[in-house]
Amino acid sequence: MGVAPATVTATVKRLADRGLVDHTPYISVTLTDPGRVAAVAAIRRHRIVERFLADMLGYPWNEADRHAAAFEHDLPQEVEDRIFVALHRPETCPHGFPIPAKETGVMEATPPLYDLEPGEVAIVAVPGGTDPEIVEFLDTLGLRPGVTVQVKEKHPFDGPLVLSVGGRERTLGSTVANQVHVRRTA
Ligand SMILES: [Zn+2]
């Protein structure tokens, strides 16, 4: 993550002092229950700020996270709440990832598209850091955040997926299908 080991040690210690992680030196770092609630709240805030940048300020979905980190941490909770309401309580960020409910610490799973089995239907989410050339390629297949796909076939031994996208059959290799994420539909 481009962070010096000493910074990680100091940060983990600070989080442990605040009761957000359990830390066994050289063994593991795990979130405590309050830590999970705080982590999910940070993700919720980030995704609401991305929505604000995309829906109100007009940034394209694949640039929606560019400025979020610059101010999301200083945003007062009540301002975040008002932005959420002003945006009509969106369900996802512009990349298609679900905005978790407030203060529950619960996150909906968003597995890679490649994890799906034939017959499964899901809604596409494309991570913010995805290579722009891959985003462009996905776009030519109609694969954008919020689009519904169904898996028709999955070839064995890491072979490609055959998908139905908007009624058209599309083939996607495992490398790219592992970089796209999905929300399973019921
Ligand atoms: Zn996002």
Side-chain angles (χ1 to χ4, degrees), residues 1-3 11 15 20 31 35-116 120-151 161 163 165-166 170 172 174-186:
M1 298 178 83
V3 182
T11 304
L15 293 171
L20 299 175
L31 288 168
R36 176 162 298 278
V37 169
V40 172
I43 291 168
R44 173 182 164 86
R45 167 166 298 187
H46 179 73
R47 292 179 180 169
I48 290 171
V49 168
E50 287 182 330
R51 263 281 159 227
F52 167 72
L53 290 166
D55 294 10
M56 286 187 162
L57 303 187
Y59 285 96
W61 69 264
N62 55 339
E63 289 180 23
D65 52 345
R66 201 151 57 103
H67 297 293
F71 65 94
E72 64 187 18
H73 302 295
D74 295 320
L75 197 65
Q77 182 62 51
E78 63 169 274
V79 177
E80 177 195 315
D81 292 345
R82 285 197 183 212
I83 291 174
F84 183 68
V85 172
L87 293 168
H88 308 294
R89 305 171 191 275
E91 279 184 25
T92 67
C93 80
H95 304 103
F97 288 92
I99 294 175
K102 211 177 162 183
E103 288 161 12
T104 58
V106 177
M107 286 276 289
E108 179 187 333
T110 48
L113 172 57
Y114 200 69
D115 282 10
L116 297 185
E120 281 196 282
V121 178
I123 302 168
V124 170
V126 183
T130 305
D131 181 339
E133 286 184 23
I134 291 181
V135 169
E136 209 172 299
F137 169 64
L138 291 170
D139 205 62
T140 65
L141 302 180
L143 289 168
R144 298 174 201 98
V147 164
T148 300
V149 296
Q150 181 174 31
V151 177
L161 281 183
L163 302 167
V165 185
R170 303 297 197 186
L172 198 62
S174 62
T175 306
V176 175
N178 270 312
Q179 294 184 44
V180 175
H181 288 251
V182 289
R183 305 168 64 198
R184 284 189 168 94
T185 59

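As the structure lists them, so they are numbered: ligands from 1, and atoms in each ligand from 1. Values in this document were obtained by computation on a predicted structure and should not be read as measured data. Count residues from 1 along the sequence.
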For this session: Apply side-chain contact (heavy atoms from CB on, under 4.5 Å) to Thr185 and Ile123, showing your working.
Result: CA-CA 7 Å; Thr185 59; Ile123 302 168; 3.6 Å; yes
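- Neighbouring protein atoms of the Zn ion (ligand 1) (N, O or S, distance under 2.8 Å, waters ignored): Glu50 OE1, Cys93 SG, His95 ND1.
- Between Arg45 and Glu72 there is no salt bridge, since no side-chain nitrogen of the basic residue lies less than 4.0 Å from a carboxylate oxygen of the acidic one.
- Put simply, the side chain of His95 never gets that close to the backbone of Pro145: no donor and acceptor are under 3.5 Å apart.
- Across Pro100 and Arg44, no two heavy atoms sit closer than the pair O-NH1, 2.9 Å.
- When all heavy atoms of Leu116 and Ala122 are compared, the pair lying nearest together is CD1-CB, 3.6 Å.
- Thr92 contributes atom OG1, which lies 6.0 Å from atom CZ of Arg183 (distance to the nearest 0.5 angstrom).
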